[in-house]
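The structure appears right after this line, and notes come after that.
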Amino acid sequence: MKAVIDFRAQLNPVQLEAVTHGTGPLLIVAGAGSGKTRILTCRVAHLISQGVQPSAILGVTFTNKAADEMARRVEKLVSASVPLSTFHSFCLRVLRAESDHIPYQRNFVVYDKTDQLTLVKDCMRRLNISEKHAKPRAFSNAISRAKDRLITAPQFAKSVKSYMDESVANVYSEYETAILKANAMDFDDLIMRCVELFQKQHDILAKYQQRFSYMLVDEFQDTNHAQYVLTKLLAQKHRNICVVGDPDQSIYRFRGAEIRNILDFERDFKDARVILLEQNYRSTATILEAANHVVSHNVERKEKKLWTKNDAGAPVSIFRAADENDEARFVARCIRELSDEQAIASLNDVVIFYRIHALSRVFEEEFRRARLPHAIIGDVGFYSRREIKDIVAYLRVVVNPADDVNVRRIVNVPHRGLGESSQEVLARYARACSISFYDALDQAAKVPRLAAGMKRKIGQFMTLLKKLQKAAQSMLPTEFIRLVLDETHYIEEMCGSGDTQDRARVENIKELISAAAEYENTCPDERASIDGFLHEIALSSELDSWNDSAESVTLMTVHNAKGLEFPVVFMVGLEEDLFPHFNSLEDPTDVEEERRLCYVGMTRAQKRLTMTSAYHRTVFGQRKVREPSRFLTELPSTHSEVRISDHRDSITDAPPPEQPRRGSATHVPDNGEYQAGLRVKHPHFGPGVIESVQGSGDEARLTIKFESLPGPKVLVAKYAKLRAAR
DNA sequence: CAGTCGACTATTTTT
DNA sequence: TAGTCGACTG
């Protein structure tokens with residue numbers, strides 16, 4: 001198929017260059033709103049119009065949603081469907097296709113975070129590591145980070161440097177044995193096993209290298225080491241590799257992403273063409289300036305200046321609310337006003353970003369009260385709800401009985417009188433004979449120290465499982481789920497208690513059946529199967545199914561905001577300890593990531609940006625005085641407009657319970673008695689000396705030279721949390 | 001073995 | 001605050 005497309009009308013010269021770049025490596029550094037998605041889609045369309053087979057293009061995006069979106073747009077341009085995927089879904093497909101060549105059986109399953117954590121806990125128990133001493137979460141994270149860097153358990157064991165490392169090494173090793181036995185892979189395994197396969201089996205690698213003559217990787221700044229290695233392996237042969245990224249938008253370092261990959265790309269592909277896209281088409285000049293200004297506070301950053309031809313637009317609106325309820329009310333009122341004034345065409349034009357999900361609750365309550373239609377993205381994902389995990393566990397067990405985690409999940413759900421202690425007996429037996437938990441159940445009759453009554457109950461359970469297994473051979477996912485519900489009486493048992501959550505649970509189960517039906521209808525190869533469905537849901541998230549056609553305001557975390565844009569953006573909870581989050585405050589590098597996160601949020605806005613904070617907020621059930629985020633003070637004052645809640649007085653009347661500070665240092669009076677020369681101490685910057693004071697009272701601006709900082713810093717007295725130092 | 005109670009503690013962010 | 005975890009009792 002050859003159809004010349006003239007992109008010149010819709011692209012600027014730099015974009016055109018990126019789109020029509022021929023062969024060889026290409027690095028596109030695409031600033032926020034510079035038309036990145038358009039370039040990627042046009043490039044794919046361009047390649048196809050040049051005669052490249054769609055199936056020869058490997059496009060990798062960050063989320064399934066982005067993949068779908070891009071596929072849709074490509075299809076519109078050239079009416080060809082290009083297989084776009086995420087790293088994880090691509091690897092899963094490869095591993096399934098090549099299952100004969102990996103140390104797994106064909107029917108392996110994918111473990112999500114919860115399964116992974118259960119398994120880690122299990123391993124810890126076997127190694128006699130107390131959960132109090134070290135958190136399971138810490139171990140699972142450490143294991144994930146190791147896998148991101150392609151470090152195997154034996155390699156990890158060789159490089160231990162501390163006592164903690166040693167524990168991790170032990171758990172890691174135990175975990176690897178267990179997960180392999182369970183015939184399961186976690187998210188990180190998908191990448192790592194795929195790399196391993198390619199490195200060990202050159203013929204297989206060659207096959208995929210041959211197949212994909214062009215590669216595109218989106219959100220390159222958020223790829224981890226393993227993903228980059230995978231990319232390099234695949235691109236080695238043709239070297240037609242195009243990566244797109246923006247270092248300023250790297251927000252997944254905590255998950256192993258390496259911004260360095262962008263720099264390494266130029267090193268690894270010396271002949272790479274580098275194209276910088278710096279014109280922003282999305283935001284008003286004011287918003288863009290403000291965002292640029294904030295992110296320019298990052299030290300570890302390559303200088304880059306986005307610009308735009310767009311109008312200045314309204315100033316960035318800063319609002320200080322009395323407390324979190326006041327904040328939510330304010331946002332709701334603003335949205336109403338915008339809507340009434342017809343400043344927005346639809347509620348879909350509005351989004352609310354917060355740093356952590358916990359903040360969504362207040363807004364949810366307020367919006368419900370205000371009858372403002374809204375959709376909350378994320379939080380407890382659909383597939384991690386208990387009832388869904390329970391039912392899905394049955395599917396998983398039927399497909400892969402070796403999956404101990406899920407066998408143990410369902411063995412007593414619904415209750416069958418097979419509690420903790422008999423499970424423990426079985427688990428011990430299984431381990432002694434080195435068989436799976438399932439096999440132990442199957443041989444229950446032979447297991448000593450098990451009451452006859454138990455053996456009978458286990459027998460009944462096994463009869464049920466075998467019946468299900470047999471039925472599964474010839475059933476579609478929907479039919480099978482219904483069968484499970486019938487046979488186990490799950491709904492009656494778990495949802496018949498009159499609990500308020502029961503109705504939602506039943507709804508969720510119905511939703512699961514719908515999802516299965518949806519899968520069956522769209523299954524590409526007409527071979528809808530239970531394990532196919534399992535793989536489908538393993539990598540799906542709520543964001544993917546987010547339907548932006550419903551008329552409603554969207555609420556989501558800033559992390560979910562990547563790649564999206566909205567005419568009206570509210571960023572809420574901009575307070576120290578929250579955004580930047582307190583876990584990041586120790587390490588300047590982490591704070592820089594928070595700042596990039598803030599930058600990503602701000603640059604989603606097209607027309608209006610409002611950033612709010614509260615004077616008081618209830619955190620951990622305790623009312624606390626809050627300090628506005630440093631990111632707010634980093635905004636250029638010329639581009640913003642500050643408003644303070646009318647309710648402020650009524651709040652400040654109530655004396656905040658001033659928590660006693662440790663140590664003998666006294667509070668610097670916040671009634672304006674600052675003077676140059678005073679030695680002070682700041683919670684983050686440490687000791688310093690006031691160089692000069694401008695203004696007085698709370699609003700006084702203090703220029704302070706901190707010992708920890710190279711130059712003096714200007715702080716507003718009220719928010720500086722200063723203490724006197726001797 | 002299961003249900004209830006109280007204590008406790010944890011909160012980023014996600015494919 | 002709320003959700004989880006563990007101990008205790010029926």
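Labels below follow one simple rule: chain letters A, B, ... track the order of the sequence lines, proteins then strands, and each chain is numbered from 1. Values below: all heavy atoms of this structure, side chains included; hydrogens, waters and symmetry mates excluded.
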Using atom [atom1] of [X] as one end and atom [atom2] of [N] as the other, report the distance to the nearest whole Å.
| X | N | atom1 | atom2 | answer |
| --- | --- | --- | --- | --- |
| A:Gln116 | B:dT14 | CD | P | 16 Å |
| A:Asp577 | B:dA10 | CG | P | 17 Å |
| A:Ile356 | B:dT13 | CD1 | C1' | 10 Å |
| A:Asn224 | B:dT14 | CG | P | 17 Å |
| A:Tyr252 | B:dT15 | OH | C1' | 8 Å |
| A:Lys135 | B:dT9 | NZ | P | 11 Å |
| A:Met556 | B:dT13 | CE | C1' | 14 Å |
| A:Ile377 | B:dT13 | CD1 | P | 15 Å |

Indicate yes or no: does A:Arg329 engage A:Asp326 in a salt bridge with an N to O separation below 4.0 Å. yes

What I want to find out is whether A:Glu364 reaches A:Arg368 closely enough, with some N-O distance under 4.0 Å, to be called a salt bridge. yes

Does [X] put a side-chain nitrogen or oxygen below 4.0 Å from OP1 or OP2 of [N]?
| X | N | result |
| --- | --- | --- |
| A:Thr63 | B:dT14 | no |
| A:Asn560 | B:dT14 | yes |
| A:His415 | B:dG3 | yes |
| A:Asn583 | B:dA10 | no |

Scan [X] against the nucleic acid and name what it touches under 4.0 Å (heavy atoms): base, sugar-phosphate only, or nothing.
| X | value |
| --- | --- |
| A:Lys121 | sugar-phosphate |
| A:Asp188 | nothing |
| A:Leu578 | nothing |
| A:Gly621 | base |
| A:Ser422 | sugar-phosphate |

Go through the side-chain N and O atoms of [X] and [Y] and say whether any donor and acceptor fall under 3.5 Å apart.
| X | Y | value |
| --- | --- | --- |
| A:Thr612 | A:Glu327 | yes |
| A:Glu593 | A:Ser250 | no |
| A:Tyr615 | A:Asp323 | no |

Ring center gap for [X] and [Y] short of 6.0 angstrom:
| X | Y | result |
| --- | --- | --- |
| A:His535 | A:Phe108 | yes |
| A:Phe254 | A:His559 | yes |
| A:Phe353 | A:Phe570 | no |

Cationic tip of A:Arg408 above A:Phe437 ring, under 6.0 Å, 45° of axis: yes

Regarding A:Arg255 and the six-membered ring of A:Tyr252, is the cationic atom NZ or CZ under 6.0 Å from the ring centre and inside 45° of its axis? yes

Of residues 253-260 of chain A, the positions that come close to DNA chain B - non-hydrogen atoms, cut-off under 4.0 Å: A:Phe254, A:Arg255

Out of B:dA2, B:dT15, B:dT13, which has the shortest distance to the side chain of A:Phe187? B:dT15

Walk along DNA chain C from 5' to 3' and tell me the first and last nucleotide with an atom closer than 4.0 Å to a non-hydrogen atom of chain A. C:dT1 to C:dC5

Go nucleotide by nucleotide along DNA chain B from the 5' end; which of A:Lys113 and A:Leu418 gets its closest nucleotide reached first? A:Leu418

